[in-house]
A.B. asks: 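Below is the structure I would like to discuss, written out as structure tokens.
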Amino acid sequence: MANSVSMRPLGAVSVLIAVYASAMAATVAALAVMAAGVAPGQATREAWGHAVIVTVLAFVLVLRLRAARAGSARAVKALGVVAAVLLVVNVVEAALPGAFPGWMRIEMAAIALLMVVLLALLRRSAGR
């Protein structure tokens with residue numbers, strides 16, 4: 001089957017995508033709490049903009065994962081493209097001086113690392 005993918009590595013991919021989606025939901029919730037008065041200076045427009053975009057991309061990953069688990073090699077490639085974009089965006093934005101609060105920079109670095117692992121797993125599943 002040329003268009004199917006190995007399902008075993010997608011179990012780990014599923015876990016990583018669930019962790020990422022959960023982290024993005026927690027980020028939006030944290031920003032909402034901060035903006036409500038706890039620490040409004042930490043819930044900047046830039047932080048909100050980043051959080052909204054990467055949360056949308058988390059949703060895209062979840063949708064593509066469903067297709068990948070159904071055996072779509074194109075969906076696996078799409079997962080890789082989105083993960084690569086997230087890796088680059090998080091690394092670049094975390095490196096911008098003064099653009100984001102410190103807690104968010106740490107989160108961006110963690111997400112970038114998560115995307116490196118996700119890309120490695122996707123590469124392994126595509127090679128089978």
A.B. asks: State, yes or no, whether a side-chain contact exists between Ile53 and Val89 at a heavy-atom distance under 4.5 Å.
C.D. replies: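 When only atoms from C-beta onward are counted, Val89 and Ile53 do not touch, as no gap falls below 4.5 Å.
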
A.B. asks: State, with a plain yes or no, whether a side-chain heavy atom of Leu10 is found less than 4.5 Å away from one of Val13.
C.D. replies: yes

A.B. asks: Do Thr27 and Thr55 have side chains that get closer than 4.5 Å, going by heavy atoms?
C.D. replies: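 When only atoms from C-beta onward are counted, Thr55 and Thr27 do not touch, as no gap falls below 4.5 Å.
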
A.B. asks: Step by step, work out the side-chain contact (heavy atoms from CB on, under 4.5 Å) result for Val54 and Ile111.
C.D. replies: CA-CA 10 Å; Val54 296; Ile111 295 303; over 6 Å; no

A.B. asks: Contact between His50 and Asn90 at the side-chain level, heavy atoms closer than 4.5 Å - yes or no?
C.D. replies: yes

A.B. asks: For a 4.5 angstrom cut-off between non-hydrogen side-chain atoms, does Arg74 reach Arg64?
C.D. replies: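 No, side chains not in contact.
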
A.B. asks: Is there a side-chain contact between Glu107 and Met24 (heavy atoms, below 4.5 Å)?
C.D. replies: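 The answer is yes, as the side chains (C-beta and beyond) meet within the 4.5 Å cut-off.
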
A.B. asks: Indicate, with yes or no, if Val60 and Val81 share a hydrophobic cluster defined by side-chain heavy-atom contacts under 4.5 Å among Ile, Leu, Val, Met, Phe, Trp and Tyr.
C.D. replies: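 Different hydrophobic clusters.
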
A.B. asks: For residues Leu118 and Tyr20, determine if any side-chain heavy atom of one lies less than 4.5 Å from a side-chain heavy atom of the other.
C.D. replies: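 The answer is no; the side chains never approach within 4.5 Å.
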
A.B. asks: Following the transitive rule for hydrophobic clusters with a side-chain heavy-atom cut-off under 4.5 Å over Ile, Leu, Val, Met, Phe, Trp and Tyr, establish whether Leu119 and Val116 coincide in one cluster.
C.D. replies: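 Hydrophobic grouping puts Leu119 with Val116.
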
A.B. asks: Extract all donor-acceptor atom pairs below 3.5 Å that involve side chains of residues 29-45 and protein atoms in other chains or at least two apart in sequence.
C.D. replies:
unit_1: Gln42; atom_1: OE1; unit_2: Trp103; atom_2: NE1; d: 3.3
unit_1: Thr44; atom_1: OG1; unit_2: Ala47; atom_2: N; d: 3.0

A.B. asks: Using only atom types and a distance under 3.5 Å, with no angle test, would you say the side chain of Arg105 pairs donor to acceptor with the backbone of Phe100?
C.D. replies: yes

A.B. asks: If I take atom CZ from residue Arg66 and atom CG from residue Leu61, how far apart are they, to the nearest 0.5 angstrom?
C.D. replies: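 If I round to the nearest 0.5 Å, the distance is 14.0 Å.
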
A.B. asks: Would a hydrophobic clustering, with Ile, Leu, Val, Met, Phe, Trp and Tyr connected at side-chain separations under 4.5 Å, put Leu63 with Val76?
C.D. replies: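 No.
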
A.B. asks: Same cluster for Val117 and Ile106 if Ile/Leu/Val/Met/Phe/Trp/Tyr side chains link at under 4.5 Å?
C.D. replies: no

A.B. asks: Nearest 0.5 angstrom please: Leu57 CG to Leu86 CG, how far?
C.D. replies: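 Output value for this atom pair is 5.0 Å.
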
A.B. asks: How far apart are the closest heavy atoms of Met104 and Ala51, and which atoms are they?
C.D. replies: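 It is CE-CB, 4.3 Å.
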
A.B. asks: Same cluster or not: Val92 versus Trp48, using hydrophobic residues (I, L, V, M, F, W, Y) connected whenever any side-chain heavy atoms lie under 4.5 Å apart?
C.D. replies: no

